[in-house]
**Student:** 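Next up is a structure, given as structure tokens.
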Amino acid sequence: AAARTMALRPLSPRESRDASPVFATANRHQQDLLTGLGTRAVCERRAMLLTEQARASGLSHGLIYLDVDHLKRINDSGGQSAGDDVLVRVSDTLSSAAPSSKDVFRIAADQFVILAESVDAQALLALAEALREKLASTRFYWESQYFSVTASFGAVLLDREMPTALEAIRRADDACAAAKRAGRNCVQLYDPRMDRVGRAVDDDTWVRCIKRGLADNLFHLRTQWIMPGRDYVTEGQVYEVLLALEDEEGFWASPAAFMPVAERHHLTTAIDRWVIEQTLRHLTDNPALVETLAFCCINLSVASIADPEFLDFIAGCIDRHPEFASKLCFEIKEPSLTDHPREAALCCDVLHRIGCRLSIDHYFGRNLSDMTLLRRLPIDFIKLDAQGFKNVGSDPIEQMLAESILRIVRHLRRRIIVNNIDDQALTETWKKLGADYFQGYAFAKPTPVPFLAPN
């Protein structure tokens, strides 16, 4: 297996490690046997030294803790050797992208730490985000199989207030866990509210609130209007269906507060069912709305995509309301497509056959596998996040990158929704680049009155 793997890459990870002076001079007892990185003990000693320096000098340093997402799926799909090879490649990627390869450590099976000297919070977050993007854009192959690898990142400052190195690692671990709850493949800077001591209590509270919301109809539909481009204005209004949960005091909580808990406790499918049922009920009760509606986007969770009974549920809903099929556009996040390719393909095929539309949310389109998704699946729309192109209005390189993605998508006859636009001045840039729809606070905020278009 090792020989077959080496044939797939110009230089094996072990060859890369042996060629590195860092690994060549390291004490073997301080090296991780698989990756050649420093072990947890070495990491703790190095972090302790930086913590002491921070207390003495007042300068701050940084600690980044990352956990590889869904490694078990890679092990299940390609075997333990595939998982090991991915871990080696992750270590090589981190070592090449970190400020210093000697400050990259493997502290557990799929967990790594990167230390950074003389950084403030802003620089630390920028480094963590750069590492996240580097890892997410790197494609891993094992024999004939392709793996998309992401990680969840937690960051913490080592400053004069940090009591010990062990406490720093614990806090970064808690921030990493918060990143996982936020949807994985993201970065979280440590906040005391992330401490796991009170997490079980918080989870129990939210679980009770979610179950009560489902039983007593305390969820509320919200929608955000999406502005169609000139070519599609005559088709009608476009919205994204959003959600809020009324808590014990009558306040409406956003999905960011309760959906991570719902995911951990397997409640997202029940929530998705509620959203679909209430959306169809609202359309049934408002025939005038249906006449002016082009389509509305409804998000689907990973659990729903992988649940065959959920597809039966949607098919049953469309059987009762066939006139609404084309009005529904189900959004699937791109990571769900890559993490669950078979289930996602079946889900897309079934929804397409019964007349619904489909959209890929959180689309990046920066590698061949992303384009393969568009060519293989019956997708109608892709959603491109404007926050990934913050300088598109002034940076020619960023404009070229965005334009290349949009040109390929349009060539494949998919429509493009650019969301998270917070500056209306960028609209003309996105129009020139070829976007078809525009969504964000620059045009309309989510409203508690469903399907309310701005004046």
Side-chain angles (χ1 to χ4, degrees), residues 220-244 254-256 275 279 282-283 286 288-300 324 326-334 356-365 374 379-394 398-399 401-455:
H220 300 276
L221 288 183
R222 305 164 71 224
T223 57
Q224 185 176 25
W225 181 72
I226 300 173
M227 186 179 80
R230 182 178 57 188
D231 294 340
Y232 302 105
V233 170
T234 58
E235 290 187 0
Q237 304 286 0
V238 181
Y239 301 87
E240 179 175 359
V241 177
L242 304 172
L243 193 62
S254 70
V275 172
T279 300
H282 194 89
L283 295 180
N286 297 274
L289 164 65
V290 177
E291 292 181 6
T292 62
L293 180 68
F295 61 91
C296 60
C297 301
I298 299 176
N299 292 278
L300 294 184
F324 296 151
S326 64
K327 304 290 185 179
L328 303 180
C329 177
F330 290 102
E331 287 190 3
I332 301 175
K333 287 183 172 60
E334 186 187 30
C356 298
R357 307 192 200 196
L358 292 162
S359 172
I360 298 181
D361 195 10
H362 286 69
Y363 182 79
F364 291 99
L374 284 185
I379 301 297
D380 300 284
F381 306 91
I382 68 103
K383 266 195 174 183
L384 197 66
D385 191 342
Q387 295 302 306
F389 302 87
K390 291 184 177 181
N391 300 313
V392 71
S394 58
E398 202 162 282
Q399 283 187 17
L401 177 60
E403 183 180 20
S404 66
I405 296 172
L406 268 62
R407 287 181 64 184
I408 293 174
V409 172
R410 291 181 68 84
H411 182 74
L412 294 173
R413 300 183 183 278
R414 272 59 167 172
R415 298 186 193 179
I416 302 142
I417 303 171
V418 180
N419 68 336
N420 284 331
I421 300 176
D422 53 18
D423 183 359
Q424 202 163 9
L426 294 177
T427 306
E428 288 303 317
T429 300
W430 283 111
K431 284 182 179 179
K432 291 177 182 178
L433 293 176
D436 301 305
Y437 301 85
F438 311 90
Q439 179 182 3
Y441 277 37
F443 310 103
K445 295 180 180 180
T447 62
V449 180
F451 302 100
L452 178 65
N455 294 327

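Counting begins at 1 with the first residue of the sequence.
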**Student:** In Å and rounded to the nearest 0.5 Å, what is the CD1 to CD1 distance from Ile332 to Ile379?
**Tutor:** 6.0 Å

**Student:** Check Trp225 against Gln237 and note the closest heavy-atom contact, atom names and distance.
**Tutor:** NE1-OE1, 2.7 Å

**Student:** If every non-hydrogen atom of Val418 is compared with every non-hydrogen atom of Ala435, which pair is closest and at what distance?
**Tutor:**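 Heavy-atom minimum between the residues: CG2-CB, 3.5 Å.
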
**Student:** Working to the nearest 0.5 Å, report the span between OG1 of Thr427 and CD1 of Ile421.
**Tutor:** 5.5 Å

**Student:** Quick one, Leu293 and Leu283 - any side-chain contact, counting heavy atoms below 4.5 Å?
**Tutor:**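 The answer is yes, as the side chains (C-beta and beyond) meet within the 4.5 Å cut-off.
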
**Student:** Is there a side-chain contact between Phe295 and Asp380 (heavy atoms, below 4.5 Å)?
**Tutor:**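 Not touching, per the 4.5 Å side-chain cut-off.
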
**Student:** Taking only residues two or more places apart in sequence or in another chain, which ones pass ring pair (Phe, Tyr, Trp, His ring centres under 6.0 Å) with Phe451?
**Tutor:**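 Listed in chain order: Tyr239, His282.
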
**Student:** Taking all non-hydrogen atoms of both residues into account, name the closest pair between Gln224 and Gly440 and its distance.
**Tutor:** NE2-C, 3.6 Å

**Student:** Out of Arg415, Arg410, Arg230, which residue meets the salt bridge (charged side-chain N to carboxylate O under 4.0 Å, His left out) rule with Asp436?
**Tutor:** Arg410

**Student:** Enter the distance from Asn391:CG to Leu426:CG here, rounded to the nearest 0.5 Å.
**Tutor:**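 If we round to the nearest 0.5 Å, Asn391:CG and Leu426:CG are 9.5 Å apart.
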
**Student:** Kindly indicate whether the side chain of Asp385, heavy atoms from C-beta on, has any atom under 4.5 Å from the side chain of Asn419.
**Tutor:** yes

**Student:** I'd like to check Thr429 versus Leu433 (side-chain heavy atoms, cut-off strictly below 4.5 Å). Are they in contact?
**Tutor:** yes

**Student:** Enter the distance from Thr223:OG1 to Ile298:CD1 here, rounded to the nearest 0.5 Å.
**Tutor:**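 Going from the OG1 atom of Thr223 to the CD1 atom of Ile298 covers 11.5 Å.
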
**Student:** Asp422: what forms a side chain to side chain contact (heavy atoms under 4.5 Å, CB included) with it, not counting sequence neighbours?
**Tutor:**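 For Asp422, the residues satisfying side chain to side chain contact (heavy atoms under 4.5 Å, CB included) (neighbours in sequence not counted) are Gln387.
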
**Student:** Can you tell if the side chain of Cys356 reaches within under 4.5 Å of the side chain of Phe324, non-hydrogen atoms only?
**Tutor:**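 A side-chain contact under 4.5 Å is absent here.
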
**Student:** What are the two closest heavy atoms between Cys329 and Leu358, and how far apart are they?
**Tutor:**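 Heavy-atom minimum between the residues: SG-C, 3.9 Å.
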
**Student:** Output the distance between atom OG1 (Thr447) and atom CZ (Arg222), rounded to the nearest 0.5 Å.
**Tutor:**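 If we round to the nearest 0.5 Å, Thr447:OG1 and Arg222:CZ are 8.0 Å apart.
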
**Student:** Would you say Gln424 and Phe438 make side-chain contact, with heavy atoms under 4.5 Å?
**Tutor:** no

**Student:** Could you give the distance from SG (Cys297) to CG (Asp361), rounded to the nearest 0.5 Å?
**Tutor:** 8.5 Å

**Student:** Which heavy atom of Phe389 sits nearest to which heavy atom of Glu398, and what is that distance?
**Tutor:**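 Taking Phe389 first and Glu398 second, the nearest heavy atoms are C-OE2, 2.8 Å.
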
**Student:** Considering non-hydrogen atoms only, spot the tightest contact between Val409 and Ile382 and give its length.
**Tutor:** CG1-CG1, 3.7 Å

